[in-house]
Amino acid sequence: MRFVLSFLLVLFSFCVTAQEVLTGLQTNPVVMERVRELSGMKPADAGKDTIPMSLPFFDDFSGGEVFPSPERWIDRYAFVNSDIPVYPINIGAVTLDAINDSGRMYPIAIPGPQTFIADHLTSRYIRLDSIFLPLPKKLTIADSVYMSFYYQPQGRGMPPESTDSLLLQFLVKPGYDSISATDTTIIPDKWETVWGSMGTALDSFLLERGTYFEQVIIPITDTATYFKKKFRFRFYNRVSLASSAEPSWQSNCDQWNIDNIYLNSGRNSRDSIYPEIRFIQRPPSMLINYESMPYPQYCDDPTNEIKDTLNILISNRTVNDRNCGYSYNVKNESGSFSKTYEGGNFTIKPFYTNGYVTYPPFAHPPLPFLFPISQADSATFLMQHFIKDNTSESTLGDTIAAYQKFYNYYAYDDGTPEAGYGLTPAGAMLAYRFKLNKSPDTLRAVNIYFNRTLSGNNQQFFNLCIWNDNAGQPGDTIYSDLVIVRFTDSLNKFVTYHMTYPLRITGTFYIGMIQSTNDNLNIGYDKYNNHQNDILYNVAGKWLNSSYRGSLLMRPVVGKPIPVGIGDQAKVQQKLVIYPNPCTGNLLHVRMPGISEQALQDHGFSFRILNLVGQLLSQGNTNGSIDISGLPEGIYFLEMKSATGTSRATGKFIIAR
């Protein structure tokens with residue numbers, strides 16, 4: 001603690017100000033996981049675009065798939081999800097941003113202010129020349145063909161700049177190959193822009209329009225141009241990356257959300273309703289504080305961990321009152337535990353006049369039971385919610401489902417990052433609060449999800465720290481280890497930083513870090529679940545609560561020993577050979593693991609020396625020896641890397657003159 005206090009006093013004397021920053025994602029882990037799942041598989045709908053669809057065309061993106069369905073779309077650049085849209089028309093929407101169909105930033109993404117075309121969402125061919133039900137007939141302007149959709153800027157993502165835009169185009173003429181005797185010329189598709197919106201933040205959008213999603217209705221009246229066998233439409237967005245002197249802060253941005261795309265004949269300009277009775281959000285956690293927690297910790301105090309009631313959003317998007325029934329069911333995988341709640345029947349009024357359902361048995365159903373108490377280390381329970389129109393022969397209704405998990409970690413987050421969280425400057429401290437029921441327990445590891453930045457410049461060293469509690473704030477540092485940012489590209493596959501020794505923890509404790517550079521370490525940030533009161537940062541001797549709503553993708557792993565697996569920091573962290581250690585003189589000698597002394601002499605490596613709280617004290621290049629004459633007695637971290645950054649290693653040393 002002597003080193004911590006000294007460092008904080010130095011920071012305070014220079015009046016350094018901490019800065020919290022949220023950035024967009026440089027990769028989309030959900031998309032990347034889906035890409036891996038589909039690799040090597042022949043698409044089930046390959047070749048379908050050669051057969052035009054018939055009207056009606058409708059998609060509400062509620063199927064839970066990552067990519068738009070090939071039943072209706074020919075590309076998969078856009079992202080189908082329920083995390084980024086805020087109050088969508090029903091659960092799920094499709095998001096356009098600056099990440100491509102492989103889950104990475106577009107290669108053409110460069111710092112602004114110029115814009116570039118990013119995502120596309122392109123429909124299959126659609127028959128606008130004829131309809132076939134109830135009887136085949138030629139389509140004319142008298143058939144009143146309209147296209148409608150809902151859109152929202154930003155959502156829980158990053159706001160599009162005023163120079164950015166979302167556009168809708170109709171296909172005027174399909175492309176073709178022009179073949180001559182000597183050459184073949186590819187004639188591209190010809191498109192016409194029929195609608196567009198300039199970028200804005202969601203709060204400004206809401207203030208101006210009075211709604212989270214605005215509906216657009218477009219009549220299609222140009223029969224000569226569009227009433228053909230191969231009609232097609234597409235959305236695309238123009239994106240700009242903010243310019244930045246710090247490459248690690250450059251990020252994905254400019255999200256647009258689209259929902260309920262509907263194209264059909266027999267419509268009019270006032271035809272704004274597609275009849276639905278739907279849930280709006282995914283099932284909430286049944287725990288008061290966490291998305292997931294260790295099962296032994298839950299079993300030690302179940303009544304204070306389970307919610308009294310749930311919050312469920314339901315809407316009736318028809319023009320009439322609808323008598324509906326609501327229920328939910330919770331069961332474990334073996335079927336030995338099963339609980340059902342019946343909310344009875346209730347007449348739901350239309351959303352357009354009365355908003356979401358407020359009837360307590362539907363909107364706030366009680367939880368009149370506890371999950372079973374056992375000696376098991378883990379458990380999983382399936383939660384299913386049902387809403388159904390009671391009208392005879394009605395097909396209106398909805399079902400949503402999710403798992404309540406009890407594993408060996410605490411999680412405030414849902415495993416899906418919508419943004420990245422960073423602090424600056426070097427020496428900034430981040431702490432994340434958790435509380436044990438069954439105390440003491442053993443902290444085995446910390447799981448962290450780091451987002452890649454545009455150029456990978458957030459792969460920096462930091463001090464992984466654990467603090468005990470001091471009146472609701474971090475107290476003494478009970479663990480510290482110099483580690484490096486690592487990446488995984490899959491959903492729910494965090495990097496595991498194993499403790500170098502089992503750490504005894506009691507009551508309230510904090511996991512976190514102390515930065516060694518000004519770089520944005522870009523921790524995954526879940527904006528769907530808000531636990532900002534448990535996120536604290538410190539730069540000048542005072543712990544402050546985060547100013548951002550959300551949750552960090554950082555999870556303490558507690559309980560029994562865990563095996564070392566793929567992505568674990570314990571398997572990849574290399575340690576320097578440092579001698580003499582302790583050092584009583586002014587010269588330190590180092591060897592890199594896996595690097596010969598001759599290679600070290602020939603090529604040299606860069607080094608940095610940091611104190612226990614991450615303050616950079618010395619840096620330079622070395623061929624194996626480092627002058628430490630300017631450093632006082634104490635404990636230090638040394639990190640070294642090759643010029644390319646492919647070889648890195650760290651170690652601790654002591655100066656004891």
Side-chain angles (χ1 to χ4, degrees), residues 285 287-301 304-305 377-379 404-415 417 421 429-450 462-470 472-483 485-486 488 492-514 521 523-526 529 531-537 543 546 550-565 567-570 573:
S285 170
L287 300 175
I288 294 174
N289 298 307
Y290 302 105
E291 287 291 300
S292 179
M293 67 182 299
Y295 202 39
Q297 290 291 335
Y298 162 79
C299 291
D300 196 69
D301 191 10
N304 287 318
E305 292 294 348
D377 294 328
S378 62
Q404 184 65 64
K405 300 175 181 178
F406 293 95
Y407 292 160
N408 65 345
Y409 58 81
Y410 285 95
Y412 291 120
D413 67 274
D414 59 18
Y421 178 92
M429 306 167 73
L430 172 68
Y432 206 13
R433 182 191 295 119
F434 296 87
K435 183 179 180 181
L436 299 174
N437 292 324
K438 186 178 182 180
S439 185
D441 207 334
T442 304
L443 181 66
R444 301 288 180 177
V446 175
N447 293 338
I448 308 177
Y449 188 95
F450 288 102
F462 66 93
N463 282 302
L464 178 65
C465 294
I466 312 298
W467 296 271
N468 62 17
D469 183 65
N470 180 18
Q473 292 191 340
D476 293 328
T477 304
I478 59 176
Y479 180 89
S480 179
D481 189 23
L482 186 68
V483 295
V485 169
R486 298 287 180 183
T488 59
N492 287 332
K493 292 185 179 177
F494 290 46
V495 170
T496 299
Y497 294 89
H498 288 268
M499 303 292 101
T500 55
Y501 52 86
L503 186 65
R504 183 179 185 271
I505 50 176
T506 59
T508 299
F509 66 100
Y510 301 78
I511 65 173
M513 60 184 59
I514 303 174
L521 299 187
I523 303 166
Y525 201 75
D526 171 17
N529 297 285
H531 290 276
Q532 69 186 111
N533 290 335
D534 295 298
I535 303 172
L536 299 98
Y537 68 99
W543 288 100
S546 174
S551 302
L552 295 165
L553 271 68
M554 298 178 65
R555 302 171 171 181
V557 180
V558 303
K560 295 182 178 180
I562 54 176
V564 177
D568 290 351
Q569 177 67 16
Q573 183 66 35

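Hydrogens, waters and symmetry mates play no part in the numbers below; they use all other heavy atoms, side chains included.
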### Task
Decide yes or no on side chain to side chain contact (heavy atoms under 4.5 Å, CB included) for Met499 and Leu443, but give the supporting numbers first.
CA-CA 8 Å; Met499 303 292 101; Leu443 181 66; 4.0 Å; yes
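- Exactly one of Trp467, Phe434, Tyr410 qualifies for a side chain to side chain contact (heavy atoms under 4.5 Å, CB included) with Ile511. That residue is Phe434.
- The distance from atom CE of Met513 to atom SG of Cys465, rounded to the nearest 0.5 Å, is 9.0 Å.
- Gln297 places a side-chain N or O within donor-acceptor distance of the main-chain N or O of Lys438, the cut-off being under 3.5 Å.
- A donor-acceptor pair under 3.5 Å links the side-chain atoms of Arg444 to the main chain of Gly559, judged by distance alone.
- In this structure, Thr442 and Ile505 have side chains that are not in contact, with every pair of non-hydrogen atoms separated by 4.5 Å or more.
- Taking each heavy atom of Gln532 and Ser546 in turn, the nearest pair found is NE2-O, 3.1 Å.
- Contacts of Asp441 classified as salt bridge (Lys or Arg N to Asp or Glu O under 4.0 Å), with partners at least two apart in sequence or in another chain: none.
- Of the possible donor and acceptor atoms, none in the side chain of Tyr537 sits under 3.5 Å from a partner among the backbone N and O of Trp543.
- Leu464 contributes atom CG, which lies 12.0 Å from atom NE2 of His498 (distance to the nearest 0.5 angstrom).
- In this structure a side-chain-to-backbone donor-acceptor pair under 3.5 Å is present from Arg433 to Gly472.
- The two atoms that bring Tyr432 and Met554 nearest to each other are CE2-O, 3.5 Å, heavy atoms only.
- Scanning for side chain to side chain donor-acceptor pair (under 3.5 Å) contacts around Glu305 gives Asn437, with sequence neighbours left out.
- Under the 4.5 Å side-chain criterion, counting only non-hydrogen atoms from C-beta, Leu536 is in contact with Tyr510.
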### Task
Could you give me the CA-CA distance, side-chain angles and deciding distance for Asp414 and Asp526, then say whether side chain to side chain contact (heavy atoms under 4.5 Å, CB included) is met?
CA-CA 7 Å; Asp414 59 18; Asp526 171 17; 3.4 Å; yes
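- The two residues Leu552 and Tyr525 make their nearest non-hydrogen contact at CD2-CD1, 3.7 Å.
- For Thr508, the side chain to side chain donor-acceptor pair (under 3.5 Å) criterion is met by no residue, not counting sequence neighbours.
- When all heavy atoms of Ser480 and Thr477 are compared, the closest pair comes out as CB-CG2, 4.3 Å.
- Minimum interatomic distance between His531 and Ser551 (heavy atoms only, all atoms of both residues): CD2-OG, 3.3 Å.
- With sequence neighbours excluded, the residues that form a side-chain contact (heavy atoms from CB on, under 4.5 Å) with Asn468 are Asp476, Ile478.
- Counting heavy atoms from C-beta on, the side chains of Pro474 and Phe509 never come closer than 4.5 Å.
- The nearest pair of heavy atoms linking Pro440 to Thr506 is CB-CG2, 3.5 Å.
- Side chain to side chain, Thr496 and Asn447 meet the donor-acceptor criterion of an N or O pair below 3.5 Å.
- For Tyr412, there are no side chain to side chain donor-acceptor pair (under 3.5 Å) partners two or more places apart in sequence or in a different chain.
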### Task
Test Asn408 against Asp377 for side chain to side chain contact (heavy atoms under 4.5 Å, CB included), laying out the working first.
CA-CA 7 Å; Asn408 65 345; Asp377 294 328; over 6 Å; no
Show me the donor-acceptor pairs within less than 3.5 Å that the side chains of residues 287-296 make with the rest of the protein, sequence neighbours left out.
{"from": "Tyr290", "atom 1": "OH", "to": "Lys435", "atom 2": "N", "distance (Å)": "3.4"}
{"from": "Ser292", "atom 1": "OG", "to": "Lys405", "atom 2": "O", "distance (Å)": "3.0"}
{"from": "Tyr295", "atom 1": "OH", "to": "Pro372", "atom 2": "O", "distance (Å)": "2.3"}

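- By the side chain to side chain donor-acceptor pair (under 3.5 Å) test, Tyr298 is found to be paired with no residue, residues two or more places apart in sequence or in another chain being considered.
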### Worked verdict on Leu553 versus Phe450 for side chain to side chain contact (heavy atoms under 4.5 Å, CB included)
CA-CA 8 Å; Leu553 271 68; Phe450 288 102; over 6 Å; no
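- Inter-residue side-chain proximity for Ile523 and Leu430 is flagged as met; some heavy-atom pair is nearer than 4.5 Å.
- Between Tyr409 and the choices Val557, Val558, Val446, the side chain to side chain contact (heavy atoms under 4.5 Å, CB included) rule is met once, by Val557.
- Taken from CZ in Phe406 to OG in Ser378, the straight-line distance is 11.0 Å, to the nearest 0.5 Å.
- In this structure Thr500 satisfies the side-chain contact (heavy atoms from CB on, under 4.5 Å) test together with Tyr479, Asp481, sequence neighbours excluded.
- Listed by chain and residue number, nothing satisfies the salt bridge (Lys or Arg N to Asp or Glu O under 4.0 Å) test with Asp301 (two or more places apart in sequence, or in another chain).
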